[in-house]
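Remarks on the structure that follows.
Note that this is a predicted model, so its numbers are computed, not measured. We count ligands from 1, going down the list as the structure has it; atoms in each ligand are counted the same way. We count residues from 1, following the sequence as given.
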Amino acid sequence: MKAIICPQYGPAEVLQLEEVAKPIPKSSQILVKIVATTVNSGDARVRSLHVKGFMKVIMRLVLGISKPRQPILGTTFSGIVETVGDNVSKFKVGDKVFGMTGFKFGTHAEYIAVNQHSHVLEMPKNATYEEAAAIIFGGHTAIYFLEKAKIAEKPSKKILIIGATGSVGIAAIQIAKHHHADITAVCSSNGQKLVGELGVSSIILYDKEDFTKRAEKFDIIFDAVGKFNRKKCAALLNENGVYESVNKYASETIQQLELLKELFEKGAFKATIDKTFKMAEIIEAHRYVDEGRKKGNVVLKIGG
Ligand SMILES: NC(=O)c1ccc[n+]([C@@H]2O[C@H](COP(=O)([O-])OP(=O)(O)OC[C@H]3O[C@@H](n4cnc5c(N)ncnc54)[C@H](OP(=O)(O)O)[C@@H]3O)[C@@H](O)[C@H]2O)c1
């Protein structure tokens with residue numbers, strides 16, 4: 001099968017499209033023919049190892065000391081079940097599925113074998129493969145941090161979402177809306193139209209105004225772009241206010257994927273796709289994600 005290999009840490013140019021062995025599913029696994037995946041900020045970070053100080057040491061320990069231990073990157077997928085192992089009861093051949101492999105990576109390839117009880121579900125009925133792949137990465141992260149901020153239990157839900165146009169920020173707006181929050185979004189003038197279409201109470205354009213100087217108070221501040229810190233935002237928090245940032249570790253659960261599926265099927269969560277690339281355009285796709293300016297998600301069409 002074709003796969004994108006990352007043989008070493010470095011710039012986008014290290015990536016190579018190669019022919020590798022097709023995985024053979026074990027008895028509890030399904031073999032998914034991948035139709036779409038994403039190139040997200042996490043993939044770019046793993047490839048480049050662009051992190052500061054001690055984090056670089058941690059990342060090398062987790063991902064591989066001198067090169068990625070798993071050379072096929074990519075964590076999200078949508079596709080069709082091609083074969084099932086002898087012990088598989090949850091899925092059948094032909095099912096349309098979507099899911100996440102997390103630190104196992106491996107989705108920038110034509111096939112992936114995953115355990116039937118791992119992070120995989122039938123796709124939302126109304127989603128295209130591209131949409132299904134695009135809602136996963138930012139969706140999980142947004143749900144994780146907003147649940148950590150206990151958004152559901154907060155009697156007052158005035159929330160400030162900083163970095164509202166990234167994959168995580170766009171998802172956070174939609175998850176906060178699901179919780180009936182009163183949302184103020186921080187984005188650039190370039191992102192104003194997109195954020196306006198998502199429907200928020202207020203938009204602050206960071207290239208025109210320093211939002212940290214506002215007199216308003218918020219119950220939750222979520223830095224979805226990781227460029228701020230609690231100290232910078234402290235004056236904006238009300239007495240019991242909670243600050244969360246993507247700079248902390250987030251973990252994914254199947255419940256998060258179930259919620260994304262449910263919301264997508266209800267029309268309450270939309271996939272924002274900025275650009276779509278083919279496998280052969282992987283270097284271009286990574287270069288674009290490296291810029292840190294994408295609006296929502298970059299989809300990688302497999303087989304195209
Ligand atoms: N903790 C975790 O497990 C976890 C999981 C996922 C992501 N993350 C981290 O979360 C961050 C965001 O991820 P992502 O995938 O959403 O990134 P992304 O999609 O690449 O974010 C890009 C967006 O950020 C906006 N932006 C850039 N600088 C900004 C600023 N100073 N203020 C407000 N908006 C700004 C850009 O819009 P403009 O160019 O128009 O400003 C662009 O739309 C990354 O650092 C990523 O590593 C962490």
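Open room surrounds NZ on K2; 12 or fewer heavy atoms of other groups in view lie less than 6.0 Å from it.
Distance CG/L263 to CD/E265: 10.0 Å, rounded to 0.5 Å.
At least one donor-acceptor pair under 3.5 Å links the side chain of E19 to the backbone N or O of M1.
Every residue two or more places apart in sequence or in another chain that forms a side chain to side chain contact (heavy atoms under 4.5 Å, CB included) with K208 is listed here: S189, L205.
In summary, of the residues considered (Q256, E252, H140), a side-chain hydrogen bond (donor to acceptor under 3.5 Å, both in side chains) with H119 occurs for H140 alone.
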Which protein N or O atoms sit under 3.5 Å from any N or O of ligand 1? Give each pair with its distance.
unit_1: ligand 1; atom_1: 1 (N); unit_2: V246; atom_2: O; d: 2.8
unit_1: ligand 1; atom_1: 1 (N); unit_2: K248; atom_2: O; d: 2.6
unit_1: ligand 1; atom_1: 3 (O); unit_2: A250; atom_2: N; d: 3.4
unit_1: ligand 1; atom_1: 13 (O); unit_2: S41; atom_2: OG; d: 3.3
unit_1: ligand 1; atom_1: 15 (O); unit_2: S41; atom_2: OG; d: 2.7
unit_1: ligand 1; atom_1: 16 (O); unit_2: S167; atom_2: N; d: 2.9
unit_1: ligand 1; atom_1: 16 (O); unit_2: V168; atom_2: N; d: 2.8
unit_1: ligand 1; atom_1: 19 (O); unit_2: S167; atom_2: N; d: 3.0
unit_1: ligand 1; atom_1: 19 (O); unit_2: K294; atom_2: NZ; d: 2.7
unit_1: ligand 1; atom_1: 28 (N); unit_2: K227; atom_2: NZ; d: 3.0
unit_1: ligand 1; atom_1: 28 (N); unit_2: R293; atom_2: NH2; d: 3.2
unit_1: ligand 1; atom_1: 37 (O); unit_2: T165; atom_2: OG1; d: 3.2
unit_1: ligand 1; atom_1: 37 (O); unit_2: K295; atom_2: NZ; d: 3.2
unit_1: ligand 1; atom_1: 39 (O); unit_2: R293; atom_2: NE; d: 2.3
unit_1: ligand 1; atom_1: 39 (O); unit_2: R293; atom_2: NH2; d: 3.3
unit_1: ligand 1; atom_1: 40 (O); unit_2: S188; atom_2: OG; d: 2.4
unit_1: ligand 1; atom_1: 40 (O); unit_2: K295; atom_2: NZ; d: 2.9
unit_1: ligand 1; atom_1: 41 (O); unit_2: Y206; atom_2: OH; d: 2.4
unit_1: ligand 1; atom_1: 41 (O); unit_2: R293; atom_2: NH2; d: 3.4
unit_1: ligand 1; atom_1: 43 (O); unit_2: T165; atom_2: O; d: 3.4
unit_1: ligand 1; atom_1: 43 (O); unit_2: T165; atom_2: OG1; d: 2.7
unit_1: ligand 1; atom_1: 43 (O); unit_2: K294; atom_2: O; d: 2.5
unit_1: ligand 1; atom_1: 43 (O); unit_2: K295; atom_2: NZ; d: 3.4
unit_1: ligand 1; atom_1: 47 (O); unit_2: R45; atom_2: NH1; d: 3.3

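Side-chain atoms of T38 and T76 form a donor-acceptor pair, as typed in the model, at a separation below 3.5 Å.
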